[in-house]
Amino acid sequence: MNKKITELEPSTSRKRRRREESEPQSENDVENSLSLSLEENFTFSDTLMALRMMCAHFPHIQKVSVPPFVLQSQLYSSIKDRTEVDREIESLRRDRVVRIFKLNTGQDDHAIMFTDDYINQIERVVKRMEENKQNDLVVFEWFKTHVLQSKLDTSIGHQELWSFLSLGGKVKEEHISQLINAGLLIRQLIDQNMYWFSIPNIGSVLKGLSQGRKELLSLLSRKKYKEMMMTSLETKRMRFSPLDMRFHLRDLIGSGHLKTIQTPSGLIVRVAND
């Protein structure tokens, strides 16, 4: 046990140091960004700063408790060098600052969430279970301590999951069922022995993500030149998505479905050519 803790200390120290180095500037910049329009706050030079800003702007969703997350496509919309984005996200993942989740809304859809937010979400899930008088919840502690610390990928095999959980105690199939029912794991369709790591309560948000994409593309496609000024577009409300227009604009620009054009009057958002 002491050896395990010692092995994790260098990574934990890097994570803490990285956060401490960025926080003084981040907190001021994030606070200032909240009053800016999307056009005024569209590009960034640093991936961690972009993550913090976008999480600060994550829309409040009624009746759904989901921590802020950022789509990888949204980072691509705001930072020119995609290779640098991928490299920095990978570094943050290895340092356990963020976790990456494969989403079922598209082949290349990945959500990025700060690890601390994800851990807090798990603790909220456990608290609700305790309030509902559910017993034997020790598997969630095993999951946080042994699985999440050791497995940083977006998926995990059944045998590997079982091995990590066994470091905490005697594992039963019911324990894995608890993790699935809580929304922390999703069994893969093509291989029943593999699981995706998942974010609890995210189902309705992902449905809105898909619907919002269609709604925004349809809105622009009906315009004469399939374009609108970003400042005008940003003020429109989404009808079929709990996520706001800013969230969807960053997503579709970063994924290449929309493009921006700089004009003397400001940024124009246009449907990309097929």
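Owing to the predicted nature of the structure, the values given are computational and were not obtained by experimental measurement.
With hydrogens and angles disregarded, no donor-acceptor distance shorter than 3.5 Å links the side chain of E88 to the backbone of D46. Between the side chain of S163 and the backbone N or O of Q159, at least one donor-acceptor pair lies under 3.5 Å. R99 places a side-chain N or O within donor-acceptor distance of the main-chain N or O of L148, the cut-off being under 3.5 Å. Looking at S77, its side chain does come within 3.5 Å of a backbone N or O of Q74 through a donor-acceptor pair.
When the ring-ring contact (aromatic ring centres under 6.0 Å, His included) test is applied to H110, no partner is found at least two apart in sequence or on another chain. The ring-ring contact (aromatic ring centres under 6.0 Å, His included) search around W142 returns H175, not counting sequence neighbours. Not counting sequence neighbours, the partners of R124 by the side chain to side chain donor-acceptor pair (under 3.5 Å) test are Q121. For the salt bridge (charged side-chain N to carboxylate O under 4.0 Å, His left out) test, no residue two or more places apart in sequence or in another chain qualifies with E130. For S218, the side chain to side chain donor-acceptor pair (under 3.5 Å) criterion is met by R222, not counting sequence neighbours. Residues meeting the salt bridge (charged side-chain N to carboxylate O under 4.0 Å, His left out) test with K102, sequence neighbours left out: none. Judged as a salt bridge (charged side-chain N to carboxylate O under 4.0 Å, His left out), and not counting sequence neighbours, the contacts of R213 are D109, D251. Residues that satisfy the salt bridge (charged side-chain N to carboxylate O under 4.0 Å, His left out) test with K151, not counting sequence neighbours, are D153, E160. In this view, Y118 and F101 satisfy the ring-ring contact (aromatic ring centres under 6.0 Å, His included) rule, not counting sequence neighbours. Residues that satisfy the ring-ring contact (aromatic ring centres under 6.0 Å, His included) test with F58, not counting sequence neighbours, are F69, F247.
Residue M49 holds its CE atom at 10.5 Å from CD1 of I79, rounded to the nearest 0.5 Å. Interatomic distance, OG1 of T115 versus CD of Q149, reported as 9.0 Å (0.5 Å rounding). Taking CE from M245 and CG from L38, the interatomic distance works out to 10.5 Å, rounded to the nearest 0.5 Å.
Inter-residue side-chain proximity for K80 and T43 is flagged as unmet; no heavy-atom pair is nearer than 4.5 Å. Side-chain contact between D244 and H57 is absent, with no heavy-atom pair separated by less than 4.5 Å. Within the 4.5 Å cutoff, the side chain of E123 has no heavy atoms near those of the F140 side chain. Side chains of V138 and D136 form a contact here, defined as non-hydrogen atoms less than 4.5 Å apart. L220 is listed as a side-chain neighbour of L233, based on a closest heavy-atom distance under 4.5 Å. Annotation: side chain of F114 is in contact with side chain of L48 (closest heavy-atom distance under 4.5 Å).
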Check residues 179-190 and write down every donor-acceptor pair under 3.5 Å in which the side-chain atom is one partner and the other belongs to a residue at least two apart or another chain.
unit_1	atom_1	unit_2	atom_2	d
N181	ND2	S177	O	3.2
R187	NH1	Q192	O	2.9
R187	NH1	Y195	OH	3.3

Check: residues 223-231 side-chain donor-acceptor pairs under 3.5 Å, at least two apart:
unit_1	atom_1	unit_2	atom_2	d
E227	OE1	R270	NE	2.6
E227	OE1	R270	NH2	2.5

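With respect to the salt-bridge test (charged N to carboxylate O, under 4.0 angstrom), the residues E90 and R87 do not qualify.
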